[in-house]
Amino acid sequence: MRYAQFAAFVRSIEPLLLKHGGCQVIPPPEWAHRPDEARARLRERAATTTITPLKQHVAGSNGRFQATMELLDAVKLDGFMETAEDAPPSIAAGGPEECDARFWRAAAAPPTPIYGADASEQGSLFDPSLREWNLGALPGGVEHDLTQALPMAIPGLNRSMCYFGRWRSFFGLHTEDCELQGASYLHYGQPKRWWVVPPSHASRVRSLAASLFPELADECSSFLRHKTTLISPKMLKASNIPCFSVLQTEGTFVLVASSAFHFGYNLGANCAEAVNFGLSSWLPKARTARPCTCDGNQTPHIEVPFLFRCLKKAHPEATADWWCFYCKCGETCTSFDDQSVCAPEGEQFECVGCGNWGHLECYADYAAASVAGSLPDE
């Protein structure tokens, strides 16, 4: 499989992604991206760009932690990067295993880590002319990233964001918003440590987290979407949940499967760029995805019927056989679901306004018209 074709490459390794939850991808030497040019772009923008860092206050012990994220005052990006790079360069010298031990041993100890996360102000660091594996401009269409058909740009979801790390700054245990697939590229700096869980074990992760943090689970059934939870790989494995590690190094990608829980930390000063994407294989997961809607933690969400309408309008011929069943009774299904498991029964109709299908009996006026033999032609 040619590396140049992002969507086709992801499809070709999807069995491995589903088995392990994620993987590192090392671009071939002939890839057109030039890291030195990306750094130059960042230097040009850093003096005039501000970011709002997060101070990550962590509490807990024995492999289970919760963080409170404090938004700090906005700072100039160049000053933040300079401070991050002032950290001792010997932190990662002992290798990833030693760093892992140090991270988990001092997860709740001072000093409090600071993370320049979710920064979109400086824009993508990829050259706009780069055609392949450009996370700032993934191709859209029915064979590519479906989220590009949305009429709005949503930072982090279908528009890439940058992440400026320091030693011990971390990203908590979570799946991507809308259960999307994810891609991250480390532009420069110290490695980023990842742990990923195969998506087939996602429900077990949620059950374990709810048992470890029952108060949070009572307050919000989707509290892992807050990205404030850390559960050590040792604790996951003790609960018979497989957990695989990835050490992302400068100039490499990490891909994460739909519904794969993942978390990790930075081994020092670095800059990464990440974005979500959704290929057609993601649609069954999208159908059942649930956002967090508790106060102050609302997460982005894609309504599948709306996405179908956008795609059918933009690509009518390619989506002629696509259908989306979203009835008012709550039953949902799409043409991409396993029909042996998910198949609506009974008399159905398609709405010519929104394109969704529903049960005739769930809509009183249509049900009555059907009995009377006076259903409209459309």
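Note that this is a predicted model, so its numbers are computed, not measured.
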Measure the shortest side-chain to side-chain distance between [X] and [Y] over non-hydrogen atoms and say whether it is less than 4.5 angstrom.
X      : Y      : answer
Arg105 : Arg102 : yes
Gln24  : Phe253 : no
Thr228 : Leu216 : no
Leu283 : Leu307 : yes
Pro344 : Gln348 : yes
Val58  : Phe170 : yes
Pro284 : Asp338 : no
Trp195 : Phe261 : no

Under a 3.5 Å distance rule, please check whether [X] uses its side chain to pair with a backbone N or O of [Y] as donor and acceptor.
X      : Y      : value
His174 : Gly172 : yes
Asp337 : Cys342 : no
Asn158 : Met152 : yes
His20  : Leu16  : yes
Gln190 : Asn270 : no
Thr252 : Gln248 : no
Arg168 : Asn266 : no
Ser169 : Gly165 : no

Give a yes or no on whether the ring-centroid distance for [X] and [Y] is below 6.0 angstrom.
X      : Y      : result
His33  : Phe126 : yes
Trp282 : Phe277 : no
Tyr185 : Trp31  : yes

Crowding at [atom1], [X] (>12 non-hydrogen neighbours, <6.0 Å):
X      : atom1 : answer
Glu345 : CD    : no
Arg131 : CZ    : no
Asp36  : CG    : yes
Gln339 : CD    : yes
Asn62  : CG    : no
Glu37  : CD    : yes

key: salt bridge (charged side-chain N to carboxylate O under 4.0 Å, His left out) contacts in which one or both residues fall within residues 208-221, not counting sequence neighbours   = none

request  = Determine, step by step, whether Thr332 and Arg287 satisfy the side-chain hydrogen bond (donor to acceptor under 3.5 Å, both in side chains) criterion, reporting the C-alpha distance in whole Å, the side-chain angles of both residues, the deciding distance to 0.1 Å, and the verdict.
outcome  = CA-CA 7 Å; Thr332 67; Arg287 179 179 60 82; 2.7 Å; yes

Closest heavy-atom contact between [X] and [Y]?
X      : Y      : answer
Ala108 : Gly60  : CB-O, 3.8 Å
Leu135 : Ala183 : CD1-O, 3.7 Å
Ser160 : Ser124 : OG-CB, 3.9 Å

Which residues share a side-chain hydrogen bond (donor to acceptor under 3.5 Å, both in side chains) with Asp100, sequence neighbours left out = Arg193, Tyr265

task = Sequence neighbours left out, what passes side-chain hydrogen bond (donor to acceptor under 3.5 Å, both in side chains) with Ser184? Give chain and number order.
result = none

key: Test log, rule side-chain contact (heavy atoms from CB on, under 4.5 Å), inputs Phe306 and Asn356   = CA-CA 9 Å; Phe306 176 69; Asn356 294 341; over 6 Å; no

key: With Thr299, the side-chain contact (heavy atoms from CB on, under 4.5 Å) member among Arg290, Arg225, Glu176   = Arg225

note = In this structure, CG of Asn134 is separated from CZ of Phe6 (nearest 0.5 Å) by 10.5 Å

message = Would you compute the distance between atom OG of Ser281 and atom NZ of Lys285 and round it to the nearest 0.5 angstrom?
response = 10.5 Å

task = Go through the steps to decide whether Ser280 and Arg11 satisfy the test side-chain contact (heavy atoms from CB on, under 4.5 Å), and finish with yes or no.
result = CA-CA 10 Å; Ser280 57; Arg11 287 192 180 93; 4.0 Å; yes

Modelled atom types, side-chain donor and acceptor of Gln56 and Thr112, under 3.5 Å = no

query = Under 3.5 Å, is there a donor-acceptor pair linking the side chains of Ser258 and Gln181?
reply = no

task = May I have all residue pairs that pass ring-ring contact (aromatic ring centres under 6.0 Å, His included) and include part of residues 356-378, sequence neighbours excluded?
result = Phe325-His359, Phe349-Tyr363, Phe349-Tyr366

Report yes or no: do [X] and [Y] belong to one cluster of Ile/Leu/Val/Met/Phe/Trp/Tyr joined by side chain heavy-atom distances under 4.5 Å?
X      : Y      : answer
Leu208 : Phe263 : yes
Leu18  : Val205 : no
Tyr326 : Trp322 : yes
Val197 : Trp194 : no
Ile13  : Val256 : no

Considering only distance and modelled atom types, tabulate donor-acceptor pairs under 3.5 Å from the side chains of residues 237-246, sequence neighbours left out.
| from | atom 1 | to | atom 2 | distance (Å) |
| --- | --- | --- | --- | --- |
| Ser239 | OG | Met235 | O | 3.3 |

query = Excluding sequence neighbours, so at least two apart, what forms side-chain contact (heavy atoms from CB on, under 4.5 Å) with Leu72?
reply = Pro53, Lys55, Glu70, Ile114

ask   = Run the ring-ring contact (aromatic ring centres under 6.0 Å, His included) check on Trp133 and Phe9 step by step: do they pass?
value = CA-CA 10 Å; Trp133 289 75; Phe9 182 89; 5.5 Å; yes

Verdict with reasoning, Asp145 to Asn276, per side-chain contact (heavy atoms from CB on, under 4.5 Å) = CA-CA 9 Å; Asp145 177 20; Asn276 292 148; over 6 Å; no

inquiry  = Strictly below 4.0 Å, N to O, side chains only: are Glu273 and Lys192 in salt-bridge contact?
reply    = no

inquiry  = For Trp323 and Phe308: C-alpha separation, side-chain torsions, deciding distance, then whether ring-ring contact (aromatic ring centres under 6.0 Å, His included) applies.
reply    = CA-CA 8 Å; Trp323 54 264; Phe308 264 66; 8.6 Å; no

query = Does the side-chain contact (heavy atoms from CB on, under 4.5 Å) test come out yes or no for Val254 and Val25, once each step is laid out?
reply = CA-CA 6 Å; Val254 164; Val25 177; over 6 Å; no

